[in-house]
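Heads up: the structure comes next, in structure tokens.
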Amino acid sequence: MTLKKKILIGYGVAFALMGLVVVWAVSNLISLGKATDAILSENYRSILAAENMVDALERQDSGMLLMFLGDADKGIAQFRENEAVFLEWLARAKDNITIQGEAQLARSIEADYAIYRRQFSELTDSRETAKAALRPTYYQETVYPLFAKVREACIGLRNLNEETMYAASLRAGKVATRAIWSTLLVAASALIVALMFSLFLAERIVRPIRRFMEASRKISSGDYAVQVTVETGDELGRLAEEFNQMAHQLGRYHEMNIEQIISEKNTGEAILASIEDGLVVFDTKLKVTAINPAARRLLDLEFTENSPLQCMGILPDPQVCELIRKTVETGAQPAVPDEQRIIVLQKGDASRHYLFSVTAIRGRDRSLSGIVLLLRDVTRLKEVERLKSEFVMAASHELRTPLTSLGMSVDLLLEHASQGLADKDRDLLQVAHEEVHRMKALVNDLLDLSKIEAGRIELEFESVPVPTLFEHVKTVFKNQMDMKDVSLTSELTGDMPKVRADANKVAWVLTNLISNALRYVSKGGHISLMAHRIGPHVHLSVRDDGPGIPPEYQSKIFQKFVQVKGQEAGGTGLGLAICKEIVRAHGGAIWVESSAGRGSTFAFTLPVAQ
Ligand code: ADP
């Protein structure tokens, strides 16, 4: 049976019970109506007839008395008039004989009334002849007793009907009381039955729904084996079948998902195990959550469990953990140049260099869920770099002496023997002179750079006042500035502390930056030196109003031999690389801010002297 039918049956039963109560109440009302109707038809009409008969009889008696008093015509007329009325009511009373004794009374009234009428007729017939009969004594002795008898009988008829009517009304009252109580009883029983049936039906409908709720709860807690048992053939039974099917499918998807997750996890682990770079995964509290065999090897953690490991406990260099902590705090990896992302790990007697990188892991809502630390072994690269620097250093050192004597020879030739040469030969000698000097500059730069890279240059730190540095370079460049008609100004903002620096090396950096600027500004241009303090550093900068540097070159020009295309201007391409090494050796950073056509500002930082 369908759920709809069940609900309709519920309503049907309630309606049927209501109908029963209504039918019962109506039938009671009908029987009550019948009881009062019976009173009306059985007794009321007889009472009315008796009353009218008494009335007509009394008027006839008055007519009779009129006759005895001498007004015979009026008396006869009144008698006859009321005789017809009496007979008519008597006929109605006879037609409505309904109770015991009523017929008998009607018969005796009829008989006595006939005698009464006969007496009257006799009196009127012998009126002239028997005047003696009209004496009052005759009335009292003969007529009145008969009149009284008929009247008594009529009153008796009325009383009999009144008594019966009273009894009937008492009966009707009882019927009404019984009707009220029986209707109440039937209504109460119907109500109780309807209530019990509704409760029973509601329980039958709700019970399977509770099972669905219980099953849904189990599914959401991960129990996909749950089955709902509803054996009814209604919509809920069909819903149970569909629900069980759905739970089964969900279970299958869940298993498939787990299999997929496990397979992806295994793939991930295989990738981690196969790569030669060290890889460590941290959670946001910097606790190790995964580590690959290469990282275990290089961090000496081969026999240690993952769980208790903390970043600070496995990495000797605090800057790595600091960078990871900053990444967790800001959600993005701070930009750190490659050369500052190198850590040295000791493996037995040998030390190895690792380039580390920190990458954020993001969850579904893009929130940070962990950090991946990659450690790439760059020891070999470093070694190659070192060998290269040593070679460059040795080569440039070896080249410097022959180049110096070559330069001197060309200079002497140009000075003393160029007069005797043909113009073409003199030009060739001039070209040789320029190229030798360019080569000398290149070799010197290369030697300087390779010495710094190899750490062969010792810095002599002292507390240096920035104005002194500026004054020094201004003096050095005075003549060149005048020759090119370029102004060189300096500007110091706020309280300027001394810097901790090697004055000669910093002067070298400033000299290099100013000579670059001088090379690129046009005649009548302007170069300014500026310094201001920001926290524990002093920012020094050289600004010019030259052609500027295109954005794509701004990070590259600090690398060796990089020159802006079309803006080479006879340099070696090593000046800024040397500047960068010197600034780094001071623990500072160097960068350029520029836009094409609007000049360049080269800035670098130096630590404030303690
Ligand atoms: P170079 O010996 O070529 O000057 P540097 O390393 O000092 O080598 O500079 C690299 C390149 O950067 C230059 O070749 C030039 O193209 C560009 N450059 C440096 N300084 C400036 C400047 N002030 N204005 C414009 N370009 C500059």
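One-based numbering, in listed order, for ligands and for the atoms of each. Computed from a predicted model, the values in this text were never measured in an experiment.
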Close approach, Asp445 and ligand 1, non-hydrogen under 4.0 angstrom: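 For ligand 1, residue contact (heavy atoms, under 4.0 Å) with Asp445 is absent.
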Qualifying residue for side chain to side chain contact (heavy atoms under 4.5 Å, CB included) with Phe604, from Val538, Val509, Ile582: Val509
Atoms of ligand 1 less than 4.0 Å from [X] heavy atoms?
{"X": "Val562", "answer": "10 (C), 11 (C)"}
{"X": "Gly573", "answer": "1 (P), 2 (O), 3 (O), 6 (O), 8 (O)"}
{"X": "Ser600", "answer": "24 (N)"}
{"X": "Ala517", "answer": "23 (N)"}
{"X": "Thr572", "answer": "1 (P), 2 (O), 3 (O)"}

Distance to 0.1 Å, residue and atom name: give those for the protein heavy atom nearest to [atom].
{"atom": "atom 25 (C) of ligand 1", "answer": "Gln567 NE2, 3.5 Å"}
{"atom": "atom 4 (O) of ligand 1", "answer": "Arg519 NH1, 2.9 Å"}
{"atom": "atom 15 (C) of ligand 1", "answer": "Tyr520 OH, 3.0 Å"}
{"atom": "atom 19 (C) of ligand 1", "answer": "Asn516 ND2, 3.5 Å"}
{"atom": "atom 12 (O) of ligand 1", "answer": "Ile557 CG2, 3.6 Å"}
{"atom": "atom 3 (O) of ligand 1", "answer": "Gln563 NE2, 2.6 Å"}
{"atom": "atom 23 (N) of ligand 1", "answer": "Asp544 OD2, 2.9 Å"}

side-chain contact (heavy atoms from CB on, under 4.5 Å) between Leu286 and Ile324, intermediate numbers included: CA-CA 8 Å; Leu286 270 61; Ile324 294 175; 4.0 Å; yes
Any N/O pair Val564/ligand 1 closer than 3.5 Å: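 For ligand 1, there is an N or O atom that lies under 3.5 Å from one belonging to Val564.
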Check: Leu576 N/O within less than 3.5 Å of ligand 1 N/O: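 It does: an N or O of Leu576 is found under 3.5 Å from an N or O of ligand 1.
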Steps toward side-chain contact (heavy atoms from CB on, under 4.5 Å) verdict (Val228, Asn244): CA-CA 6 Å; Val228 182; Asn244 292 339; 3.7 Å; yes
Sub-4.5 Å side-chain heavy-atom contact between Val608 and His537: no
Partners meeting salt bridge (charged side-chain N to carboxylate O under 4.0 Å, His left out) with Arg500 (sequence neighbours left out):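 Counting only residues at least two positions away or on another chain, Arg500 forms no salt bridge (charged side-chain N to carboxylate O under 4.0 Å, His left out).
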From CA spacing to verdict: side-chain contact (heavy atoms from CB on, under 4.5 Å), Phe602, Asn516: CA-CA 10 Å; Phe602 283 86; Asn516 275 355; 5.6 Å; no
CA sep, side-chain torsions, deciding dist, call: Asp223, Ser221, side-chain hydrogen bond (donor to acceptor under 3.5 Å, both in side chains): CA-CA 6 Å; Asp223 178 7; Ser221 63; over 6 Å; no
Ligand 1 versus Phe602: contacting region, heavy-atom distance under 4.0 Å: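 Side chain only.
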Closest approach of Ile590 to Val583 (non-hydrogen atoms, all atoms of both residues): N-CG1, 4.2 Å
Aromatic ring proximity, centroids under 6.0 angstrom, His586 and Phe461: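 Centroid distance Phe461-His586: below 6.0 Å, so yes.
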Step-by-step side-chain hydrogen bond (donor to acceptor under 3.5 Å, both in side chains) determination, Asp283 to Thr289: CA-CA 6 Å; Asp283 64 11; Thr289 55; over 6 Å; no
